[in-house]
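These notes concern the structure reproduced below.
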Amino acid sequence: MDELKFTFYGVRGSYPVSNRKFIKFGGNTTSLLFETGSEIFVIDAGTGIVNAGEYIQKKENIKTINIFLTHLHVDHIMGLPFFNPLYNKEMRINLYCFKYPGFKYEDKIYSLFNQPLSPISQKGILADLRFYTFGESVNTPVIINDNTRVNCLKDDLHPKSGVLIYRVDFYDKKIVFATDIESKKGFKGEYSDFIKNADILIHDSQYTDSDYRSKSNPKAGYGHSTVDMAVSNAIKMNVEKLFLFHYSPEYSDKKLENMLKHARKKFKNTYLSKESKLNKLRR
Ligand SMILES: [Zn+2]
Ligand SMILES: [Zn+2]
């Protein structure tokens, strides 16, 4: 219980990739699994959650899984129909997201299981699946156990409906997960209060600065940050460690390693998120 383990099961943005040039850091889309004592929870359900599900199925004592969604863009939910614990009738699975105007988010999730997108049908889900909406059916923090809480803050800098930034508090340690944000001006105000002095900041780093500003195919306005934005936020927020995350699916392992070199010139304690690598935060 004195450590919080976290494993990146998907580190890509936009769509999954499979090719030998992506083997080192991985090709699955966003999913991050946390484990402390006998509690397991997950942030985002991109294709990475499929392998997270395989891992969870091998553990005998897990009966409840909390899945926190940052938003409903398809790269963050597309793994759900292939998440094995959903087909285990002993399992209770709680999904969390923010309120979208005009529709219930569970309807969008169920559409992944129903015709014509899938032959499974939502009736094929055997687990006790429940949906929670922040500000409506649940408030933050969500208590995982006596020493672990999940907080969130809505950021509107991602098209079109915004995104949740999550912060996991473990004793007095903090891990911030800030993906799908275009942080041109850096964190300010309540974002700064929420993130400042985190032990670990996992930050959207989809693009290099030159690709972001490219004349022929600029990426500005797509809702994603550059490595430079991530580094600048890490410095301003006085975080201990920065993980680059949500890589462009066009970027090879080699390009990611060059991004890391570039980042470390300004912030030495920068790391690349790597699929299946176990990381630990000790109290
Ligand atoms: Zn994304
Ligand atoms: Zn997105």
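In this chain, residues are counted from 1 in sequence order. Just so it is clear, the model here is predicted, and its values are computed rather than measured. One-based numbering, in listed order, for ligands and for the atoms of each.
Nearby protein atoms of type N, O or S around the Zn ion (ligand 2) amount to 4 (distance under 2.8 Å).
Atom CD of Glu54 is separated from atom CD1 of Ile49 by 12.0 Å, given to the nearest 0.5 angstrom.
Taking the six-membered ring for Trp and thresholds of 30 and 60 degrees, Tyr207 and Tyr212 have ring planes inclined between 30 and 60 degrees apart.
Between the side chains of Asp204 and Ser225, no donor N or O sits under 3.5 Å from an acceptor N or O. In summary, the side chains of Asn114 and Gln122 do present a donor paired with an acceptor at a separation below 3.5 Å, with no hydrogens or angles considered.
Of all N, O or S atoms in His246, the one lying closest to the Zn ion (ligand 1) is NE2.
A cation-pi arrangement is absent between Lys173 and Tyr171, since the terminal nitrogen or guanidinium carbon is not both under 6.0 Å from the aromatic centre and inside a 45° cone about the axis.
Applying the ring-ring contact (aromatic ring centres under 6.0 Å, His included) test to pairs two or more places apart or on separate chains, those with a residue in residues 257-283 are Phe243-Tyr271.
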